[in-house]
There are 2 protein chains.
Amino acid sequence: MVFPADELAARLARLRAVCRDVGLKLTHQRIEIFREVALSDDHPDAETVFQGVRARVPTISLDTVYRTLWLLEELGLVTTLGPRRDPTRFDARLDSHHHFTCESCRLVRDFESAEFDALSVPEDVRRLGDVSRVHVEVRGRCVDCARRRGLGRNDDPGGSE
Amino acid sequence: MVFPADELAARLARLRAVCRDVGLKLTHQRIEIFREVALSDDHPDAETVFQGVRARVPTISLDTVYRTLWLLEELGLVTTLGPRRDPTRFDARLDSHHHFTCESCRLVRDFESAEFDALSVPEDVRRLGDVSRVHVEVRGRCVDCARRRGLGRNDDPGGSE
DNA sequence: CTGGGTGCAAATTCTTTGCAGCTTT
DNA sequence: AAAGCTGCAAAGAATTTGCACCCAG
């Protein structure tokens with residue numbers, strides 16, 4: 001792994017703390033699922049986590065993995081790559097632009113930024129491969145969702161602009 | 001729409017040019033599907049494109065929409081939000097970091113950058129909502145895929161670090 | 001014309017849900 | 001003991017595929 005062993009312990013401690021605070025049970029499965037994601041450095045999907053955990057907990061089921069991953073996500077202990085729980089979305093803009101994504105609803109808005117466009121990719125990244133595009137993803141909660149308050153999720157972006 | 005009417009014409013012209021060059025037929029469906037994505041500023045998913053196009057072409061089918069969208073993506077005429085054709089992937093790192101994603105295989109690598117971490121969100125974006133996180137997505141082709149050449153897609157990232 | 005493209009319907013893949021029994025608190 | 005979790009199996013989305021007919025080149 002990339003990070004020191006301490007880091008895993010710290011993440012697990014955080015899981016414990018959050019579960020206690022929110023009143024969630026700290027089951028064997030939850031710990032192992034969280035550990036699997038925390039230990040991997042390549043951002044596994046649910047199926048991959050399932051395979052990994054199953055090596056240690058043979059009775060684990062795939063649906064528990066899904067339920068737990070989304071639970072951890074709601075608790076803020078893990079995040080997702082790309083928009084959350086969303087089918088693939090397409091973009092016809094080929095010029096350099098960036099995205100603001102609302103974590104509550106499906107809203108995504110483009111924006112331009114000369115500063116962001118000017119970003120130069122670090123040398124270590126260039127060593128990973130050929131870079132074709134660099135764009136900034138800003139996540140947050142849109143004004144409409146913020147107005148509606150609460151932590152619940154809205155399925156429909158309000159502003160039709 | 002946000003961009004001038006000319007822009008749509010330019011995008012359609014580009015579609016024509018690319019199809020001709022590659023020897024693809026310029027069907028009514030392809031034009032309408034492309035137009036639907038090009039005209040929308042909220043990054044529709046396949047289902048939404050389907051609904052939109054169906055208003056003008058009642059016989060369109062959802063599978064044609066999928067096929068066409070992925071075709072346009074391969075031609076470089078549209079892109080996707082988040083990783084392409086990939087189930088949801090999870091990330092247990094909560095500290096600020098960024099991603100390099102290979103467009104050929106499923107490889108995703110984290111990297112750190114003080115410069116990227118220091119980015120400040122433009123005022124107009126802050127008006128869209130509350131920002132919780134800013135990260136940079138670098139897309140390209142990893143060294144292993146580059147070595148394998150060709151435009152085909154590899155399903156398995158080779159390097160196990 | 002002729003082959004690529006489309007529509008249909010069925011198949012996959014990814015993810016969620018209802019329910020009965022088992023585990024943490 | 002009580003409520004929350006889990007595993008199972010079945011349901012539900014999202015996406016893909018096989019095949020016969022049709023249209024752009």
Side-chain angles (χ1 to χ4, degrees), chain A residues 12 15-34 36-37 43-51 53-54 56-75 78 80-90 106 153 155, chain B residues 12 15-34 36-37 43-51 53-54 56-75 77-78 80-90 106 153 155-156:
Chain A
L12 284 170
L15 171 66
R16 264 171 238 282
V18 172
C19 284
R20 178 164 26 72
D21 292 353
V22 189
L24 284 167
K25 289 182 179 167
L26 198 63
T27 62
H28 187 39
Q29 289 90 330
R30 285 182 180 163
I31 294 171
E32 291 302 324
I33 289 167
F34 180 70
E36 189 67 28
V37 183
H43 310 299
D45 57 23
E47 180 68 31
T48 305
V49 172
F50 174 58
Q51 305 292 351
V53 172
R54 191 157 60 167
R56 281 169 282 138
V57 187
T59 59
I60 194 83
S61 69
L62 181 57
D63 58 6
T64 296
V65 172
Y66 273 106
R67 276 191 279 234
T68 303
L69 288 172
W70 290 123
L71 175 69
L72 294 172
E73 195 257 356
E74 272 166 37
L75 294 174
V78 304
T80 58
L81 265 51
R84 254 201 337 53
R85 282 180 151 168
D86 217 18
T88 306
R89 295 170 69 157
F90 297 85
R106 290 170 40 94
R153 302 210 144 124
D155 281 332
Chain B
L12 284 170
L15 171 66
R16 262 171 240 283
V18 172
C19 284
R20 178 165 27 73
D21 292 354
V22 190
L24 285 167
K25 291 183 179 168
L26 198 63
T27 62
H28 188 41
Q29 289 90 330
R30 285 183 180 161
I31 294 172
E32 292 303 324
I33 289 167
F34 180 70
E36 190 66 29
V37 182
H43 310 299
D45 57 23
E47 180 67 31
T48 305
V49 172
F50 173 58
Q51 305 292 351
V53 172
R54 192 157 58 166
R56 281 171 280 138
V57 187
T59 58
I60 194 85
S61 69
L62 180 57
D63 58 3
T64 295
V65 172
Y66 273 106
R67 277 191 278 232
T68 302
L69 287 172
W70 290 123
L71 175 69
L72 294 172
E73 195 258 355
E74 272 167 38
L75 294 174
L77 292 166
V78 304
T80 58
L81 266 49
R84 258 199 334 54
R85 283 178 149 168
D86 218 19
T88 307
R89 295 171 69 158
F90 297 86
R106 292 170 38 96
R153 299 205 145 127
D155 281 333
D156 178 42

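Treat the numbers as computed from the prediction; the structure is a model and nothing was measured. In what follows, chains are A, B, ... by sequence order, proteins preceding strands, each numbered from 1.
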Whole-Å gap separating [atom2] ([N]) and [atom1] ([X]):
X       : N      : atom1 : atom2 : value
A/Ile31 : D/dC5  : CD1   : P     : 13 Å
B/Lys25 : C/dT6  : NZ    : P     : 10 Å
A/Gln51 : C/dT13 : CD    : P     : 14 Å
A/Asp21 : C/dT25 : CG    : P     : 14 Å
B/Leu71 : D/dT15 : CG    : P     : 17 Å
B/Arg54 : C/dC8  : CZ    : P     : 10 Å
B/Phe50 : C/dT6  : CZ    : C1'   : 13 Å
B/Arg20 : D/dA24 : CZ    : P     : 18 Å

Select base, sugar-phosphate, or nothing to describe what [X] touches, counting heavy atoms under 4.0 Å on all strands.
X       : value
A/Leu24 : sugar-phosphate
B/Ile60 : sugar-phosphate
B/Arg30 : sugar-phosphate

Just to confirm, is there a sub-4.0 Å distance from OP1 or OP2 of [N] to any side-chain nitrogen or oxygen of [X]?
X       : N      : result
B/Thr88 : C/dT15 : yes
B/Gln29 : C/dG7  : yes
B/Arg85 : D/dT16 : yes
A/Tyr66 : C/dT15 : yes
A/Trp70 : C/dT16 : yes
B/Thr59 : C/dG7  : yes
A/Thr64 : D/dG7  : yes

Quiz prompt | Student check: side-chain heavy atoms of B/Val57 and B/Thr59 closer than 4.5 Å | solution =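 They are in contact (side-chain heavy atoms under 4.5 Å apart), so the answer is yes.
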
### Message
Both B/Asp86 and B/Gly23 contact DNA chain C. Taking the nearest nucleotide for each, which residue is further toward the 5' end?
### Response
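Between the two, 5'-proximity favours B/Gly23.
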
message = For A/Glu47 and A/Thr27, find the nucleotide of DNA chain C closest to each by heavy atoms; which residue's nucleotide sits nearer the 5' end?
response =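 Of the two residues, A/Glu47 wins.
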
Open item on the list: If we ignore hydrogens and angles and just use 3.5 Å, is the side chain of A/Arg89 paired with the main-chain N or O of B/Pro44 as donor and acceptor?
Closed with: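 No, A/Arg89 side chain to B/Pro44 backbone: no donor-acceptor pair under 3.5 Å.
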
| said: Would the distance check show the side chain of B/Thr64 and the main-chain N or O of B/Ile60 forming a donor-acceptor pair, the cut-off being under 3.5 Å? | reply: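 No.
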
Requested in this report: Check step by step if side-chain contact (heavy atoms from CB on, under 4.5 Å) holds for A/Thr27 and A/Arg30.
Outcome: CA-CA 5 Å; A/Thr27 62; A/Arg30 285 182 180 163; 3.3 Å; yes

Nucleotide of [options] approaching [X] most closely (side-chain heavy atoms):
X       : options               : result
A/Pro87 : C/dT24, D/dA14, D/dG7 : D/dA14
A/Asp63 : C/dT17, C/dC8, C/dT24 : C/dT17
A/Arg67 : C/dG18, D/dG18, C/dG5 : C/dG18

- Query: B/Phe34 pairs by side chain to side chain contact (heavy atoms under 4.5 Å, CB included) with which of B/Leu26, B/Val53, B/Leu72, B/Leu75?
  - Reply: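 Among the candidates, only B/Leu72 passes.
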
*Have a look at B/Glu36 and tell me which of B/Thr48, B/Leu69, B/Val49 forms a side chain to side chain contact (heavy atoms under 4.5 Å, CB included) with it.*
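The option that passes is B/Val49.
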
